[in-house]
Amino acid sequence: MTECDGERGAPAAVAEAVAAAAARSLGTGPAPPDDHPAQAGARRLETDPDTVERDLMKLVLTIVELLRQLMERTALHRVDQGDLSEQQEERIGMTLMILNERMTELCDRYDLTMDDLNLDLGPLGSLLPQSGA
């Protein structure tokens, strides 16, 4: 264990678990060894040229969906607290509805479902709340 690992402890292990779960979910992993070993620490990803665009879009949409859900929760909290005017509430609601529509369109375009965007983080559970939760 390095000094840095000792200082961070569990968060470093959590970060490694998240990275491993993302690699499993996206179907990426270290490439098999070749005749020319890479420099220490460098790794190649095994990617399928036919699915790389879809896999990249899956990752991007996962991040966007996470941010959308966080914005929605923040907006609901601010509405509950009475921090927003009626006009601001209307604008935020309309913006979130439009973003949700765009997410649905992009998922349809790349043949993804919202469940496809939910990364399994192993012992930490799933990245996004389960549908209907």
If you count the non-hydrogen atoms of other residues, nucleotides and ligands that lie under 6.0 Å from CD in E89, is the total more than 12? yes
Heavy-atom side-chain contact between M71 and L99 under 4.5 Å: yes
Does T113 offer a backbone N or O that forms a donor-acceptor pair with the side chain of D116 under 3.5 Å? yes
Candidate list L66, L117, L56, test side chain to side chain contact (heavy atoms under 4.5 Å, CB included), partner L61, passing option: L117
With sequence neighbours left out, the residues meeting side-chain contact (heavy atoms from CB on, under 4.5 Å) with Q69 are E65, R73, L128, P129
What residues form a side-chain contact (heavy atoms from CB on, under 4.5 Å) with I92, not counting sequence neighbours? A75, L84, L96
How would you list, by chain and number, every residue that makes a side-chain contact (heavy atoms from CB on, under 4.5 Å) with T74, sequence neighbours excluded? R78
Nearest 0.5 Å, please: how far is CG in D80 from CG in L76? 6.5 Å
Separation between OG1 (T62) and CE (M57), nearest 0.5 Å, reads 11.0 Å
Taking side-chain contact (heavy atoms from CB on, under 4.5 Å) as the definition, give me every residue that meets it alongside Q87, ordered by chain and number, with sequence neighbours left out. S85
Those residues at least two apart in sequence (or on a different chain) that pass salt bridge (Lys or Arg N to Asp or Glu O under 4.0 Å) with E72 are R68
Sequence neighbours excluded and cut-off under 3.5 Å, please list the side-chain donor-acceptor pairs for residues 101-110, or say none.
from : atom 1 : to   : atom 2 : distance (Å)
T104 : OG1    : N100 : O      : 3.0
Y110 : OH     : E53  : OE2    : 3.3

So, do H77 and D83 sit near enough that their side-chain heavy atoms are less than 4.5 Å apart? no
